Amino acid sequence: MDHAGAAASTKASTAAAPDRALLTDIEAAIARCTDGGGGGGSVSDDRHVHEILFLVSNAPGAITFLSRRITARLEAARTPAAALRSLLLVHRLLRAGDRYFEQDFRGLWASRDLRVNAPRCGCSCSPLAASGAGVNYVTASVASATGACSFLHGYTAYLEERMQWVINQSGNLEPTPPPQQDPDDGKPHPHSYDHAAAEALLFKLAMCQRLLDVAVQLLPDNNTSASAAARSAFGIVVRESFKVYDAFKEGLDLMLRSRSIGLTKSLRVSAHEVLRKACAQTPELKDFYHKCKKSNVGKVMEYPVVRVVTQATELVPPVSREEEHLDSGEVAQEREGDTSFENKLETTINAVWVEFDDDDQQAGRETTGDDQGSLQAQQPS
């Protein structure tokens, strides 16, 4: 859970309660976005989203009301289409709001005031179908319900991951960093700056792979793509995946350029895992974009060129057997003094005498002009 988000949630929930008229206006705007006529990504839908953001900005405490009303609508949905429209509203608010709204919105998700868990249906696409749990969407046909439910659950999984990302000042997506260890907790912190940078980079790469994983699984079928809300939601996911893949590709290049930096055993294991997963994921992503381009998803014309990763085990030095027996603290201490240079020049003083043969002695006399006899090399007693 994001601690910064939780703090923002507390601040939002303790703000002064907005007046009843404002809350009524917010609920009416939510209804316009999530009822059958909305949720398709049209110009009017954009207007309703910005209307909600404007209303919430006039009363900071209203964001808690907004989150709870969207959650109530989502949990009360009786069709996949109705649930999808509520999730799409969450996604669009997350993208359209400023960074303060985004921070508070994510904080309310962290505190569970905002929930993006779609109701589970009883069809075969649901993990709970086998146990008989969940809600049956009674108004949809069996064929279309299966495809719509599958897309709905996939979109729910995507939003759960997406809530752990923020839009930075450059307009790009980046994962929220994990909670930092308290420097005053009394424990030693032997890691160098290079170690901390490598740890942050590997965390970002792993988060990129997680978000791309759920995006790739979201490709809708013909029945699902007939829904305006599904087309809008999937178009947003595809466009966001472009930014995530660009961040992954840039981070991967940086990791490979920096592979000579001494890493601890745990970080090298993480790097191997990232590369191993990239070998399987990048071909899938390339195929995913190819299918999206053929179906003209979101009328996107420019798709990124996916670089397929291969032979991952040769890109990062493997963990040696000696290090497998070392304690993690010893490995960190051993690596702390490493530099970014792959080879280092060192002067080593050795206590062992070396005995030269006659040819070496003659060559030495010719070079130095020394006519005297050479010293006889002996092993120290």
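Position 1 is the first residue of the sequence, and the numbers go up from there. Every value quoted in this text rests on a predicted model; they were computed, and no experiment measured them.
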Quiz item: Distance-only, no hydrogens or angles: does the S86 side chain make a donor-acceptor pair with backbone N or O of I70 under 3.5 Å?
Solution: no

Quiz item: Parallel, tilted or perpendicular for H91 and Y155, by the 30°/60° rule?
Solution: tilted

Quiz prompt | Check: R73/T34 side-chain N/O donor and acceptor closer than 3.5 Å | solution = yes

Quiz item: For the atom pair CD1 (I52) and CG (L89), what is the distance rounded to the nearest 0.5 Å?
Solution: 5.0 Å

Self-check item: Evaluation steps, side chain to side chain contact (heavy atoms under 4.5 Å, CB included), between V214 and E160
Solution: CA-CA 10 Å; V214 288; E160 287 283 356; over 6 Å; no

Practice problem: Quick one: closest heavy-atom pair of D104 and I63, and the distance? | Solution: CB-CD1, 3.6 Å

Quiz item: Are the charged groups of E273 and R276 less than 4.0 angstrom apart, N to O?
Solution: yes

Quiz prompt | T176 side chain vs Q164 backbone, donor-acceptor pair below 3.5 Å | solution = yes

Quiz item: Are L84 and M163 connected in a single hydrophobic cluster, I mean Ile/Leu/Val/Met/Phe/Trp/Tyr linked by side-chain heavy atoms less than 4.5 Å apart?
Solution: yes

Quiz item: When rounded to the nearest 0.5 angstrom, what distance separates CG in N172 from CH2 in W165?
Solution: 10.5 Å

Self-check item: Verify same cluster id: I167, L88 (apolar side-chain graph, 4.5 Å)
Solution: yes

Quiz item: Taking all atoms of both residues into account, what is the closest heavy-atom pair of R307 and Y245, and its distance?
Solution: N-OH, 2.8 Å

Quiz item: Heavy-atom distance under 4.5 Å between the side chains of C292 and F234, does that happen here?
Solution: yes

Quiz item: To the nearest 0.5 Å, how far apart are CD in E250 and CG in L252?
Solution: 11.0 Å

Quiz prompt | side chain to side chain contact (heavy atoms under 4.5 Å, CB included) assessment of R162 paired with V244 | solution = CA-CA 11 Å; R162 175 64 175 79; V244 175; over 6 Å; no

Quiz item: Are L114 and V166 grouped together when hydrophobic residues (ILVMFWY) are joined by side-chain heavy atoms under 4.5 angstrom apart?
Solution: no

Exercise. Output yes when a side-chain donor or acceptor of Q217 lies under 3.5 Å from a complementary backbone atom of G154, and no otherwise.
Key: no

Practice problem: List the atom of P283, the atom of A278, and the distance in Å for their closest heavy-atom pair. | Solution: CD-O, 4.1 Å

Quiz item: If we only count heavy atoms from C-beta on, is the L94 to F101 side-chain gap below 4.5 Å?
Solution: no

Self-check item: Between S57 and Y100, a side-chain donor and acceptor under 3.5 Å
Solution: no

Quiz prompt | side chain to side chain contact (heavy atoms under 4.5 Å, CB included) assessment of K277 paired with D213 | solution = CA-CA 10 Å; K277 186 173 180 62; D213 254 351; 2.6 Å; yes

Exercise. Identify the heavy atoms of I26 and V56 that sit nearest to each other, and give their distance.
Key: CD1-CG2, 4.2 Å

Quiz item: Roughly how far, to the nearest 0.5 Å, is the OH atom of Y303 from the NE2 atom of H290?
Solution: 11.0 Å

Quiz item: Can you tell me how far the CZ atom of F248 sits from the CE atom of M255, to the nearest 0.5 Å?
Solution: 7.5 Å

Quiz prompt | K291 with D287: basic N within carboxylate O range, under 4.0 Å | solution = yes

Practice problem: Answer yes if L256 and L254 sit in the same cluster of Ile, Leu, Val, Met, Phe, Trp and Tyr residues linked by side chain heavy atoms under 4.5 Å apart, and no otherwise. | Solution: yes

Exercise. Look at the side chain of S111 and the backbone N and O of L108, then say whether any donor-acceptor pair between them is shorter than 3.5 Å.
Key: yes

Quiz item: V49 and C33: which non-hydrogen atoms are nearest, and at how many Å?
Solution: N-SG, 4.0 Å

Quiz item: Between CD1 of I236 and CZ of R231, what distance do you get to the nearest 0.5 Å?
Solution: 13.0 Å

Quiz item: For K286, does the NZ atom sit with more than 12 other heavy atoms under 6.0 Å from it, leaving out its own atoms?
Solution: no

Quiz item: For L152, does its backbone N or O pair with a side-chain atom of T156 as donor and acceptor, under 3.5 Å?
Solution: yes

Quiz item: Short question: side chain of R68, backbone of D113 - any donor-acceptor pair under 3.5 Å?
Solution: no

Quiz item: Do the side chains of W109 and L173 join up, straight or via other hydrophobic residues, at under 4.5 Å, putting them in one cluster?
Solution: yes

Quiz prompt | Side-chain (E51) to main-chain (A29) donor-acceptor, under 3.5 angstrom | solution = no

Quiz prompt | Intermediate values then yes/no, side chain to side chain contact (heavy atoms under 4.5 Å, CB included), V90 and L74 | solution = CA-CA 10 Å; V90 172; L74 176 61; over 6 Å; no

Exercise. Give the minimum heavy-atom separation between L202 and A271, together with the two atoms involved.
Key: CD2-CA, 3.8 Å

Quiz item: So, the side chain of E284 versus the backbone of V216: is there a donor-acceptor pair under 3.5 Å, distance only?
Solution: no

